[in-house]
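Reviewing the structure listed below.
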Amino acid sequence: MNEMTKIETTLKDWESDQEVRWCPGCGDYAILKAVQRTLPQIGADPANTVFVSGIGCSSRFPYYIESYGFHTIHGRAPAFATGIKLANPELDVWLVTGDGDGMSIGGNHTMHLLRRNLNCQIMLFNNEIYGLTKGQYSPTSRVGTTSPSTPMGSVDRPLSPCAFALGVNARFVARAFDVSKNLPEVLKAAHAHKGAAFVEIFQNCIVYNKDVFNDFAAPKGAEDQQLWLEDGQPMVFAKGARGIALDLDTLSLKVVDVVDGDWQGAGVLVHNVTNRAIAHMLVEMPFGPFPMALGVLYDDPRPTFEESVLEQNARAAEGKELDLARLLAKGQTWTVEG
Amino acid sequence: MASVAEDRPADSMMEGSTPEAVVVRFAGDSGDGMQLTGGQFTLSTALAGNDLATFPDFPAEIRAPQGTLFGVSAFQINFGSTAIETAGDAPDVLVAMNPAALKTNLAALKPGGLIIADTGEFNRRNLDKAKYDASPLEDGSLAKWDVLAFDISALTVEAVKPFGLGNKEALRCKNMWTLGLALWMFDRPRDPIYNWLRGKFAKSPELADANIAALDAGHAYGETAELAGPLKKLHIDPVESEPGLYRTITGAEAVSLGLVAGAQLARLPMFFGGYPITPASAILHNLVKMKEFGVTTFQAEDEIAAICSAIGASYAGQLGVTSSSGPGIALKGEAMGLAIMTELPLVIVNSQRGGPSTGLPTKTEQSDLYQAVFGRNGDAPMPVIAARSPADAFECAVEACRIATQYMTPVMLLTDGYIGNAAEPWKVPDPADFAPFPVSFLQEKNHGDQLLPFARDEKGARPWVKPGTPGLMHRIGGIEKNPGTGNIDYSPEAHQTMTEARRDKVLGVANSIPDQEVCLGEASGRMAVVGWGSTFGPIHQAVRRARRRGVDVAHIHIRHIWPLPKNLGELLKGYDHVLVPEMNTGQLKTVLRDQYLVDAKPLNKVSGQPFTIAEIEAAIEGALA
Ligand code: SF4
């Protein structure tokens, strides 16, 4: 997020003149709309906003937003964003990446951007597949995913982007899915966080990995499998009938029934966005026995990378005069007389 | 190279009492501090007004086992009263701090040269490590040379006794004792070294005092030893130099200063993204100390992130710079393509080293010319400049910044490990002598009510549009684009037009660079010896010597490797023979043949050591025989 002058815009102002070229029905459309809806709500200024992306279906995103946009190379968007922010910290930078771009070829850069805490929003569209290259399995694909490169099913175990983010010391981790009506709220929270804000967005690739998130993200009927987390609120789901509690014997989470709304009696935890240990447990909950944890899982700001760098720059320059001739003549010199 | 006395001989010679130039090599264990000794001797030599060139040659290992052959670290300096352009072919004096140092460096020593050896280190253990059966100091095998062997170790321990150091610490002062002797030999003042030692050991004055005592003891030893034996005091007159202020400079320092000056001339803050790699890291280390000039440095997670962050900074309106050596440059290739495609300014410094792969990290080579000119996917043209010496690297860096910002293109600046580490006197330039090339960012739409981010000026350059500028929102990327709007455009016409536009823009840089000059000899004749990069020195001296013997030969040195100067083809056609000495297997040679259909003949050396003058002289003779 940036401390910025709020600008009045409408959703239309954020639509570029470029024809959107995702497959019809792709979850990316819903995310694009959610972002275009969010930007006016946070008072973002198109001239001061930069969308940076790598390569992949998701990385086409910047072309469709009427702001500054840089479609870079595969996996490296975090590195470009770092240069952009260090050169001009006033810019409001959004990163758009995917599970292949951000977790495979660019995993290294995602890691370092998060641990450095560069002040920007990272939206990782997780569709558990390589879409643009026609459907190979990705680092988030579930074991057994059949694809052109794994006809007998994939054998390597997937990673969880949110667990990765927490592991490399991200200070803001959130999760949502493409068609969720809550997505703008999550994006707003990400924008309000000063520092690297990591948002995993489950996205339906209807061509190569159709409906793999339907158990919790179907447009209708899967709500009972969604645990929407809110700071200070009890961790209840399934219309308040169930909740998440801490099993003190195993120091792990468990699902409990909530009878007559008495979540306290059931020992349901209250969500505290600064509790890192619980955040780790929430992202590790196996889906099926547990619901999918969504919303802001963790939010505990620290000084940002660019602030610290620029503060050092200023300190190094303090009291020094900008004299190039003096710099060139530094060290031991001698004069040859004419 | 500081001299204006271009046409006087600079051959090393010890005969006579006042030679014009002397080559000294300090060699010892990597723990003996030979690079420091060499560096301080260089400084005192520069202060005495001699022209000089140095060649630090150190092992790849950080701490090689003591006394071993591969742990030898050497520092060679050639200094004199005339123009010096190489570190010298063969040393006149070899200081060998142990048997391994003697063994690995003896072959280079000039017949009749002087060996100064520390007998304290010529014990059985060290002789074994150096694979000597018998001590060479005693078996007569050094008869070709003058030998001055005495127990420097014991003399040093004795000299620093009053300071109560442990034996190990006391022995560490050996290099200062040796330096003291060298200072005496060449009639150099000790004051600058005293000052340096006091600064270096400000926190432990007893160490400063001990080192000074060792230095003085070495100096005093010279006085007494002169009475007998081969040790002679030599005085080298100052070189005749252009009047002005001088300092010594290494290539890495010159590149750093040149980049800062270039950014200032462009009126831009500079962003440097780097990743540790030998021998390029020195540039990062230098730039972190220049933050007051609007320099932001960023140590990235890898080579790719280093260049990508620099491109990001350029996109946001600063001058992005990245630097590396061959292997790192290879990793940056894809990102260079993006900078070419999005037409953003960027300076990429390649401190070349021996390759391929990890190759010879601490040895020099100029084998990345193909990589610089051709080494990317697609038709990806990029200007390439090569520095010829530490001092020249300053101007080259400024030039790289100029081309990058004026033509909206990445530019590669080639140096090498030799240029980066070597030092030479440098006439400190006046920044006011450089014409500024201020950058202007596009502030409003450039085509009626339309923004055309890829409209071109008369140089073929597109406008630089900074994010944050109201009303100029647009998208750029690595996909082929419409020649004006920059929107994605895969059409056949768009790719044809844009590929040609990128090529023509880079070729057009030739309009802004000086015509190729002949730096020694006539503009036509029997032979031109054509070089680039750090082979300048030996080529220049070899051509000079051949000309003195009446050979019709000229020296042409190319700074702009791509695009080449416009008149170069015509110029080369004026010679019967074209000889191209390179520390690779013939890369510039290939480019010259391709561009001009000239019968350029290669002379190649890839041993990790610079050419000697004699090698090039022999090749000239051979080709004309
Ligand atoms: S391939 Fe999948 S992710 Fe890509 S645009 Fe089509 S539906 Fe969307």
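Everything numeric here is computed off the predicted structure, so don't read it as measured data. Chain identifiers are assigned alphabetically (A, B, ...) following the order of the sequence lines, protein sequences preceding nucleic acid strands; residue numbering begins at 1 within each chain.
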field: Contacting region of B:M290 [heavy-atom separation from chain A under 4.5 Å]
entry: side chain

field: Rounded distance (nearest 0.5 Å) linking atom CG of A:L310 with atom OG1 of B:T296
entry: 6.0 Å

- prompt: Highest number of heavy-atom pairs under 4.5 Å with chain B: which of A:A325, A:S59, A:G331?
  reply: A:A325

- request: Report yes if some heavy atom in the side chain of B:Y246 is under 4.5 Å from a heavy atom in the side chain of A:T335; otherwise report no.
  value: no

query: Is chain A contacted by the side chain of B:A335, its backbone, both, or neither, given a heavy-atom distance below 4.5 Å?
result: both

query: CG of B:N377: more than 12 outside heavy atoms within 6.0 angstrom?
result: no

field: Residue selection (most heavy-atom pairs with chain A, distance under 4.5 Å) from B:P269, B:G312, B:A316
entry: B:G312

statement: The interface call for A:Q18 against chain B, heavy-atom contacts under 4.5 Å, is side chain

task: Select one option (side chain, backbone, both, neither) describing which atoms of B:A310 are under 4.5 Å from chain A's heavy atoms.
output: neither

field: Leading residue by heavy atom contact count with chain B [cutoff under 4.5 Å; candidates A:H109, A:R76, A:K320, A:M111]
entry: A:H109

query: Which is it for B:E292 and A:R315 under the salt bridge (Lys or Arg N to Asp or Glu O under 4.0 Å) test, yes or no, and what are the steps along the way?
result: CA-CA 9 Å; B:E292 65 270 29; A:R315 203 143 39 87; over 6 Å; no

message: At a 4.5 Å cut-off on heavy atoms, which part of A:I65 comes close to chain B: side chain, backbone, both, or neither?
response: backbone

statement: Residues B:C308 and A:A79: closest non-hydrogen pair is CB-CB, 3.6 Å

- prompt: Is there a side-chain contact between B:F293 and A:L322, using heavy atoms and a 4.5 Å cut-off?
  reply: yes

- prompt: Who among A:A329, A:A317, A:S67, A:P78 has the most heavy-atom pairs with chain B under 4.5 Å?
  reply: A:S67

- line: Turns out that what part of B:A46 lies under 4.5 Å from chain A's heavy atoms comes down to both

- request: Using non-hydrogen atoms and a 4.5 Å limit, figure out which bit of B:L472 sits close to chain A: side chain, backbone, both or neither.
  value: both

field: Short side-chain to backbone donor-acceptor contact, A:Y68 and B:T469, under 3.5 Å
entry: yes

task: Decide yes or no for B:Q318 and A:I84: does some side-chain heavy atom of the first lie under 4.5 Å from some side-chain heavy atom of the second?
output: no

Evaluation steps, side-chain contact (heavy atoms from CB on, under 4.5 Å), between A:L327 and B:Q264: CA-CA 12 Å; A:L327 177 72; B:Q264 293 285 310; over 6 Å; no

task: Take B:S309 and A:L86 through the side-chain contact (heavy atoms from CB on, under 4.5 Å) test and state the conclusion after the steps.
output: CA-CA 9 Å; B:S309 62; A:L86 286 174; over 6 Å; no

query: Salt-bridged, A:R115 to B:E301, with N to O below 4.0 Å?
result: no

message: Given heavy-atom pairs under 4.5 angstrom as the criterion, report whether the side chain, backbone, both or neither of B:V288 touches chain A.
response: neither

message: As a quick check of understanding, evaluate side-chain contact (heavy atoms from CB on, under 4.5 Å) for B:F298 and A:R116, giving each step before the final call.
response: CA-CA 12 Å; B:F298 172 55; A:R116 289 188 186 114; 3.3 Å; yes

field: Check ion pair B:R475-A:E66 (N to O, under 4.0 angstrom)
entry: yes

- request: Against chain B, label A:F305 side chain, backbone, both or neither, depending on which of its atoms sit under 4.5 Å from a heavy atom there.
  value: side chain

field: Among A:S53, A:A81, A:G75, A:G83, residue most engaged with chain B (heavy-atom pairs, under 4.5 Å)
entry: A:G83

query: Between NE2 of B:H474 and OH of A:Y63, what distance do you get to the nearest 0.5 Å?
result: 11.0 Å

- prompt: Just wondering, do B:P429 and A:L328 contact through their side chains at under 4.5 Å, heavy atoms?
  reply: yes

message: If we define contacts as heavy-atom pairs under 4.5 Å, which of A:D17, A:T82, A:N313, A:N88 has the most with chain B?
response: A:N313

field: Other residues, nucleotides, ligands: >12 heavy atoms within 6.0 Å of B:Q450 CD
entry: yes

- prompt: Tell me, side chain or backbone of B:P467 under 4.5 Å from chain A's heavy atoms, or both, or neither?
  reply: both

query: chain A heavy atoms under 4.5 Å from B:L43: which part of the residue, side chain, backbone, both or neither?
result: side chain

- prompt: Is any side-chain heavy atom of B:L338 closer than 4.5 Å to a side-chain heavy atom of A:F70?
  reply: yes

query: To the nearest 0.5 Å, what is the distance between CE (B:M341) and OG1 (A:T72)?
result: 13.5 Å

- prompt: Relative to chain A, which segment of B:P192 carries a heavy atom at a distance below 4.5 Å: side chain, backbone, both, or neither?
  reply: both

field: Contact origin within B:L344 toward chain A - heavy atom pairs under 4.5 Å
entry: side chain

field: Residue pair B:I476 / A:H71, side-chain heavy-atom distance below 4.5 Å
entry: no

- line: From the list B:V260, B:D430, B:I479, the residue making the most non-hydrogen contacts under 4.5 Å with chain A is B:I479

field: Min side-chain heavy-atom separation A:Q312-B:K291 under 4.5 Å
entry: yes

field: Partner chain A: residue of B:F271, B:Y315, B:F394 with the largest heavy-atom pair count (under 4.5 Å)
entry: B:Y315

statement: Interface check, chain A: of B:I304, B:V465, B:I307, most non-hydrogen pairs under 4.5 Å belong to B:I304

- request: Between chain B and each of A:R60, A:E318, A:E321, A:H74, count heavy-atom pairs under 4.5 Å; write down the option with the most.
  value: A:R60

query: Is the closest side-chain heavy-atom distance between B:T248 and A:W334 below 4.5 Å?
result: yes

